[in-house]
Novice: 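Please see the structure below; I have some questions.
Hydrogens, waters and symmetry mates are skipped; everything else that's a heavy atom, side chains included, is used. Keep in mind the model is a prediction, meaning the values are calculated, not measured.
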Amino acid sequence: MAGSERAKMAAGEWYTCLDDELEALRALARDAVFEHNCLPPRQRGNLGPGLKALLGGVGEGARIEAPFHCAYGFNILLGDGVFLNAGCTILDTAAVRIGKGTLLGPNVQIYCAEHHKEAAGRQAGLEIARPVEIGARAWIGGSAIILGGVSIGEGAIVGAGAVVTRDVPANETVVGNPARPVKRG
């Protein structure tokens, strides 16, 4: 498909992140994130006004603690009552949907971008965007890493420090690197 790098990114095709339009969008996100991270907590509330306007969707009572970082913001959709603890990073080159009542511990990282396997492709800024879906009432432990293309089911638990490289079924608990199922006790 021909078109802008943004259109390729949105379509899940290989695109170059070294693009003026994408850089301008990342600059808008950096400004909104900076405001959110620097506002006094009582003034900021659940979300800084610039970040709230930037995000693709924000449910009732959704809250993001500072500091926070995202790449674009407009690909992030938060359900009602979602809570992101301090230090979360979402590289939202693709859609990141987080379901109602889901909790993310501190320093959780979600990476939608996958870089090219060949050095020349990486040098050229080639990447492909893969979405992440987290179901309702899931719990993602602190410092967990979720890679692009992964779905985490409703009620699932991802243990602290886990690296999630594949889908997690509803109500399952996974831990480790790479994350593997364990029995709930």
Side-chain angles (χ1 to χ4, degrees), residues 8-18 22 26 29 33 55-57 62-65 67-79 81-185:
K8 292 177 196 174
M9 181 176 81
E13 299 174 2
W14 287 98
Y15 66 95
T16 180
C17 62
L18 306 174
L22 293 178
R26 289 189 299 268
V33 165
L55 297 182
R63 180 178 185 87
I64 299 177
E65 291 290 346
F68 171 73
H69 178 76
C70 65
Y72 297 98
F74 56 77
N75 283 320
I76 299 171
L77 299 108
L78 306 176
V82 166
F83 177 77
L84 278 65
N85 211 328
C88 288
T89 295
I90 302 177
L91 301 184
D92 61 311
T93 55
V96 176
R97 291 180 173 83
I98 302 176
K100 177 180 178 179
T102 288
L103 308 173
L104 275 65
N107 301 310
V108 168
Q109 301 168 60
I110 300 173
Y111 304 145
C112 293
E114 179 182 316
H115 299 282
H116 204 275
K117 303 288 188 248
E118 296 179 15
R122 288 190 303 276
Q123 203 65 32
L126 287 177
E127 53 189 47
I128 193 164
R130 304 201 188 282
V132 169
E133 178 99 23
I134 303 174
R137 295 175 302 285
W139 176 20
I140 313 299
S143 296
I145 298 172
I146 301 168
L147 299 184
V150 167
S151 292
I152 297 173
E154 184 173 317
I157 297 172
V158 174
V163 178
V164 183
T165 61
R166 64 181 96 195
D167 291 350
V168 178
N171 301 309
E172 187 156 282
T173 298
V174 297
V175 299
N177 179 5
R180 299 280 189 239
V182 297
K183 291 184 181 186
R184 286 192 183 182

Novice: Is a side-chain donor or acceptor of Arg122 paired with a backbone partner of Lys117 at a separation under 3.5 angstrom?
Specialist: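 It does hold such a pair.
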Novice: So, Thr102 side chain and Gly135 main chain: donor-acceptor pair closer than 3.5 Å or not?
Specialist: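 Answer holds: yes.
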Novice: Taking all non-hydrogen atoms of both residues, which atom of Val132 and which atom of Leu147 are closest, and how far apart?
Specialist: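 The answer is CG2-O, 3.7 Å.
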Novice: Spell out, as yes or no, whether a donor-acceptor pair under 3.5 Å connects the side chain of Asn177 to the backbone of Val163.
Specialist: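 No, Asn177 side chain to Val163 backbone: no donor-acceptor pair under 3.5 Å.
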Novice: Ile134 and Ile110: side chain to side chain contact (heavy atoms under 4.5 Å, CB included), yes or no, with the steps?
Specialist: CA-CA 11 Å; Ile134 303 174; Ile110 300 173; 4.1 Å; yes
Novice: For Cys17 and Arg26, work out which heavy atoms get closest and say how close.
Specialist: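 Scanning both residues, the minimum pair turns out to be O-NH2, 3.0 Å.
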Novice: Taking all non-hydrogen atoms of both residues, which atom of Gly159 and which atom of Ala144 are closest, and how far apart?
Specialist: O-CB, 4.0 Å
Novice: With no hydrogens and no angle check, is any side-chain donor or acceptor of Asn107 less than 3.5 Å from a backbone partner on Gly142?
Specialist: no
Novice: Scan Asn85, Leu55, Val33 and name whichever one has a side chain to side chain contact (heavy atoms under 4.5 Å, CB included) with Ile64.
Specialist: Leu55
Novice: Can you tell me how far the OG1 atom of Thr16 sits from the CD atom of Glu127, to the nearest 0.5 Å?
Specialist: 8.0 Å
Novice: Considering all heavy atoms of both residues, which atom of Ala71 and which atom of His69 are nearest to each other, and what is their separation?
Specialist: N-NE2, 4.4 Å
Novice: Among Leu104, Leu84, Val164, which residue meets the side chain to side chain contact (heavy atoms under 4.5 Å, CB included) test with Ile140?
Specialist: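 Result for side chain to side chain contact (heavy atoms under 4.5 Å, CB included) with Ile140: Leu104.
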Novice: List the atom of Cys88, the atom of Gly105, and the distance in Å for their closest heavy-atom pair.
Specialist: SG-O, 3.4 Å
Novice: Under the salt bridge (charged side-chain N to carboxylate O under 4.0 Å, His left out) rule, what pairs show up with a residue in residues 135-155, not counting sequence neighbours?
Specialist: Arg137-Glu154
Novice: Of all heavy-atom pairs between Ala156 and Val168, which one has the smallest distance, and what is that distance?
Specialist: CB-CG1, 3.9 Å
Novice: Test side chain to side chain contact (heavy atoms under 4.5 Å, CB included) on Ile146 and Val158; report intermediate values, then the result.
Specialist: CA-CA 9 Å; Ile146 301 168; Val158 174; 5.5 Å; no
Novice: What is the distance from atom OH of Tyr15 to atom OG1 of Thr93, rounded to the nearest 0.5 Å?
Specialist: 4.0 Å
Novice: Show me the pairs that pass ring-ring contact (aromatic ring centres under 6.0 Å, His included) and involve residues 116-174, at least two apart or across chains.
Specialist: Trp14-His116
Novice: Given 3.5 Å as the limit, does a donor-acceptor pair link the side chain of Asn75 with the main chain of Val96, or not?
Specialist: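 The answer is no, because no donor-acceptor pair under 3.5 Å joins these two groups.
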Novice: Got a second to check how far Phe68's CZ is from Ile90's CD1, nearest 0.5 Å?
Specialist: 4.5 Å
Novice: Checking Phe83 now: which residues fulfil ring pair (Phe, Tyr, Trp, His ring centres under 6.0 Å) with it, not counting sequence neighbours?
Specialist: none
Novice: Run Thr89 and Leu91 through side chain to side chain contact (heavy atoms under 4.5 Å, CB included) and show every step you take.
Specialist: CA-CA 6 Å; Thr89 295; Leu91 301 184; 3.9 Å; yes
